[in-house]
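Following: one structure in structure tokens, then a few remarks.
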Amino acid sequence: MTKQEPTLLLLLFLLSCSCFPVNNAQSTTILNVWPKPRNLTWTLPYQVIIIASNFTISTTTSHHNKHLSAAITRYQNLVRSEHYHPLAPPGVNISTNLPPLESLTLIVQDPDVELVHAVDESYTLSILPSSATLTAKTTWGAMRGLETFSQLAWGLPTCIAVGVHVWDSPLYAHRGVMLDTSRNYYPVKDLLRTLEAMSMNKLNVFHWHVTDAQSFPLVLPSEPALAGKGAYGSDMVYTPEDVKTIVEFGLDHGVRVLPEIDVPGHTGSWALAYPDIVACANMFWWPATGDVLAVEPGTGHLNPLNPKTYQVLKNVILDMTTLFPEPFYHSGADEIIPGCWKTDPTIQEYLSNGGTLSHVLEKFINNTLPFILSLNRTVVYWEDVLLSPVVQVPSTILPKEHVILQTWNNGHNNTKKIVSLGYRTIVSSSDFYYLDCGHGDFVGNNSIYDQQNGDDKDNGGSWCGPFKTWQTVYNYDITYGLNEEEAKLVLGGEAALWSEQSDSTVLDARIWPRTSALAESLWSGNRDENGKKRYAGATDRLNEWRSRMVSRGIGAEPIQPLWCVRNPGMCNTVL
């Protein structure tokens, strides 16, 4: 190295990090990490140092966890090469007499713990002028800490704040995204990118709503005809090899893949392979007279009174539990439409002899739930199975220790109903967490849009409108109105993207950064240390985080003009 090179390096550092003295009042907001850690301090004198070009991440002891190894390699490369340029560069005091940071030491107490619900994701991170150490009990906590470390680095050459101490752990164990791949198909690369973005946001559950009435894109070894006839095309399927890729990629990024095969409703696509086990298949969903047959186009319910239904379904369940190691299995059971089942002659006869549609559903649950439990799975159902006012089963056949109910209707009220009955719940309130809302309706020949007075503008033309803004998502308190014991039964939440009007062209913008808002609210909450909602302060941080996600290849939509970022506080209201 020549004598001029150190001077040039320092000059580049000063320019790239936009370094200037900072007063103490700015110190609590100067470092942007999303989701905000539970506790992060940056001690005086607010120094930064360069990260060495040969920076390494190493563990103190050898391990055999391939997912941890993948994460170490990924983050080591990211920290070396990202060179993110902040929209509003932090103000820093330069320490010219400190050497570059050459390594991060990773201490994982038990690297072999599997990624399951409620696994320990806590970590501590210390970045000192001479060393950096990340300590976690599990591989998964280590991944969360590595993400935080990566966000504390910026610039070209890369610099990082020192004198930083972080203690962090999630408030909720279940923090997820639900994606429907039946109504429209998403290539595997889109699912992998979504998993990658989830990991950046410290989300840990990808709820894959694989099939529905419209298509059956999953190739199952025991029942190949379901996808062979029920997929939109041979190029719009997920093979067992695809599933393995997605599951392994998820584990490499600390994300569980929770599969859902929605039954007995939402199964019109099954009829292309097995027409004899599906009631009301391929009928017009909303006849001019008589009962409605489906909640939307694409009719069909499995027939619980046909023994062949269970022959097919048990093959499906066996294949699913083989393809997906995840201990949770989502079996749907939502939106049973009476008119559909009533079209079937065997069900008509059963009803004429004193049976009810709730009895029909009960037969279905009694024939499937014990089988799923025998495969060592915890079963997740949509809340309808218990709370539907039309067709439901008694709680006596849904064991609380083995069944979780996912709530999507009626906001806080249904959450309260579920936990007051003693069930664990996952919150996906359509009033707050449905990302497809507000884009209008997709059915044709709809006279609601022939309005000259603009009456439809407030709800966005969809049943769950209006559009759910990031602030709406961020400010939702999923345990509102619950006592302490009831709140313990709330496992967490999921943002849901149903795909009637979504495919790979809009996927990123539909999910991000609104789901980043969910990620922070479920990780560290939506309130400051004084209990006040912190959405005002979160705005600038989310602008910065959205920009960083875009630089990482995630097509997150903007939430404000860049002018607002450059003029902090000027885009706020007076309240």
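No side-chain heavy atom of Leu387 sits under 4.5 Å from any side-chain heavy atom of Leu405. Residues Thr267 and Ile277 fail the side-chain proximity criterion, which asks for heavy atoms closer than 4.5 Å. Proximity of Asn543 to Ile559: side-chain heavy atoms (C-beta onward) are separated by under 4.5 Å at one or more points. Counting heavy atoms from C-beta outward, Ile478 and Leu522 have side chains that approach closer than 4.5 Å. Considering only heavy atoms from C-beta on, Asn367 stays 4.5 Å or farther from Pro304 through its side chain. Between Pro170 and Arg175, the closest side-chain pair of non-hydrogen atoms falls below 4.5 Å. Looking at heavy atoms from C-beta onward, Trp463 lies out of side-chain contact with Asp441 at the 4.5 angstrom threshold. Counting only heavy atoms from C-beta outward, the side chains of Ser502 and Asp436 never approach each other to under 4.5 Å.
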Can Leu386 and Lys417 be said to form a side-chain contact (heavy atoms from CB on, under 4.5 Å), step by step? CA-CA 10 Å; Leu386 188 65; Lys417 287 179 182 178; over 6 Å; no
Please test Lys468 against Phe432 for side-chain contact (heavy atoms from CB on, under 4.5 Å), starting from the C-alpha separation and ending with a verdict. CA-CA 6 Å; Lys468 313 307 175 190; Phe432 295 86; 5.9 Å; no
Just do the side chain to side chain donor-acceptor pair (under 3.5 Å) check on Gln501 and His439 with the steps written out, would you? CA-CA 8 Å; Gln501 296 171 291; His439 289 276; over 6 Å; no
Would Asp242 and Thr239 satisfy side chain to side chain donor-acceptor pair (under 3.5 Å), going step by step from the backbone distance to the final call? CA-CA 5 Å; Asp242 292 332; Thr239 67; 3.2 Å; yes
Walk me through it: do His402 and Thr378 pass the test side-chain contact (heavy atoms from CB on, under 4.5 Å)? CA-CA 5 Å; His402 298 304; Thr378 294; 5.5 Å; no
Given ring pair (Phe, Tyr, Trp, His ring centres under 6.0 Å), test Tyr238 with Trp208 step by step and report yes or no. CA-CA 12 Å; Tyr238 304 105; Trp208 188 2; 5.0 Å; yes
Apply side chain to side chain donor-acceptor pair (under 3.5 Å) to the pair Tyr172 and Ser521, showing each step before the final yes or no. CA-CA 9 Å; Tyr172 291 96; Ser521 67; over 6 Å; no
So Leu507 and Leu179, side-chain contact (heavy atoms from CB on, under 4.5 Å) or not? Walk me through it. CA-CA 10 Å; Leu507 174 64; Leu179 180 64; 3.9 Å; yes
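Under the ring-ring contact (aromatic ring centres under 6.0 Å, His included) criterion, the residue pairs touching residues 258-297 are Phe216-Trp270, with sequence neighbours excluded.
Counted within 6.0 Å of CD on Glu349, heavy atoms from surrounding residues, nucleotides or ligands total 12 or fewer; the atom is thus considered open. Counted within 6.0 Å of CG on Asp276, heavy atoms from surrounding residues, nucleotides or ligands total more than 12; the atom is thus considered enclosed. Within 6.0 Å of the NZ atom in Lys229, the count of heavy atoms belonging to other residues, nucleotides or ligands does not exceed 12. Atom CD of Gln560 has more than 12 neighbouring heavy atoms from other residues, nucleotides or ligands inside a 6.0 Å radius.
Using a 3.5 Å distance cut-off with no hydrogens or angles, the side chains of Thr415 and His412 do not pair a donor with an acceptor. Donor-acceptor pairing under 3.5 Å is recorded for the side chains of His174 and Glu494. Between the side chains of Ser150 and Arg552, at least one donor N or O sits under 3.5 Å from an acceptor N or O. With 3.5 Å as the limit, one finds a donor-acceptor pair spanning the side chains of Ser499 and Tyr186. Asp319 and Thr322 are not linked by any side-chain donor-acceptor pair at a separation below 3.5 angstrom, with hydrogens and angles left out of the test. Checked by atom type, the side-chain pair Asn303/Thr346 shows a donor-acceptor distance below 3.5 Å. Side-chain contact check for Trp545 and Asn201: at least one donor-acceptor pair (N or O, by modelled atom type) lies under 3.5 Å.
A salt bridge does not link Lys36 to Glu520: none of the charged nitrogens lies less than 4.0 Å from a carboxylate oxygen. For Arg183 and Glu296, the salt-bridge test passes: some basic side-chain N is under 4.0 Å from an acidic carboxylate O.
Closest approach of Leu171 and Gly525 over heavy atoms only: CD1-N, 3.3 Å. In plain terms, the two heavy atoms of Ser462 and Gly440 that are nearest each other are CB-O, 3.4 Å. Among all heavy-atom pairs drawn from Pro513 and Leu542, the shortest one is CB-CD1, 4.0 Å. Taking all atoms of both residues into account, the shortest heavy-atom contact from Gly265 to His301 is CA-ND1, 3.5 Å.
Under the side-chain hydrogen bond (donor to acceptor under 3.5 Å, both in side chains) criterion, Ser199 pairs with no residue, sequence neighbours left out. Considering only residues two or more places apart in sequence or on other chains, Asp503 meets the side-chain hydrogen bond (donor to acceptor under 3.5 Å, both in side chains) condition with Thr505. In terms of the side-chain contact (heavy atoms from CB on, under 4.5 Å) criterion, residue partners of Thr368 (sequence neighbours excluded) are, by chain and number, Tyr310, Leu313, Phe364. Under the side-chain contact (heavy atoms from CB on, under 4.5 Å) criterion, Asp477 pairs with Tyr480, Asn526, Arg527, Lys533, sequence neighbours left out. Tyr350 is linked by a ring pair (Phe, Tyr, Trp, His ring centres under 6.0 Å) to nothing, counting only residues two or more places apart in sequence or in another chain.
For the atom pair SG (Cys437) and CG (Leu497), the distance works out to 10.0 Å, reported to the nearest 0.5 Å. Distance CG/Leu369 to CD1/Ile397: 7.5 Å, rounded to 0.5 Å. Atom CG of residue Asn184 and atom CD of residue Glu500 lie 8.5 Å apart, to the nearest 0.5 angstrom.
Between the side chain of Lys416 and the backbone N or O of Gly481, at least one donor-acceptor pair lies under 3.5 Å.
Ring geometry for Trp408 versus Trp382: interplanar angle over 60°, hence perpendicular rather than tilted (30 to 60°). Classification of the Tyr474-Trp470 ring pair by plane angle, with boundaries at 30° and 60°, yields perpendicular.
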